[in-house]
Amino acid sequence: KSLVSEVRKSFDVHTFIVGPKTTPDELGNAIARAKPACVVLMNNATMALVGKYELAHPGWVPPRPFFSWHPSSRTFREP
């Protein structure tokens, strides 16, 4: 929550919680509904869901910039 709290000071933040039963389409639809200028993915499971969504929807172009956040290293990476 600290990342969201910090970023929320300057940006409108939408969150979508990914669980073990979350499907690629659910995540893709959440991204489409939010119409984000930037996406931050919080773990490898979420990255895998986005990859599956991209494979199932070849014309889909994710918002850029598109980052993954790795809390253990406290760094952002662009996939």
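Predicted, not measured: the structure shown is a model, and the values here were computed from it. Count residues from 1 along the sequence.
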Do [X] and [Y] have side-chain heavy atoms sitting under 4.5 Å apart?
X	Y	result
Phe16	Thr22	yes
Arg33	Asn29	yes
His57	Asp25	yes

Would Val50 and Trp60 count as a side chain to side chain contact (heavy atoms under 4.5 Å, CB included) if you check the C-alpha gap in whole Å, the side-chain angles of each, and the deciding distance to 0.1 Å?
-> CA-CA 11 Å; Val50 168; Trp60 183 69; 4.1 Å; yes
Would you name the heavy atoms of [X] and [Y] that are closest together and state the gap between them?
X	Y	result
Tyr53	Pro24	CD1-O, 3.1 Å
Glu26	Lys21	OE1-O, 3.8 Å
Met47	Leu41	SD-CD1, 3.2 Å

Thr15 OG1 to Met42 CE distance, which is reported to the nearest 0.5 Å =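 Going from OG1 on Thr15 over to CE on Met42, the span is 10.5 Å.
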Taking atom CG of Asn44 and atom CG of Leu49, what is their separation to the nearest 0.5 Å?
->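 Separation between the atoms: 11.5 Å.
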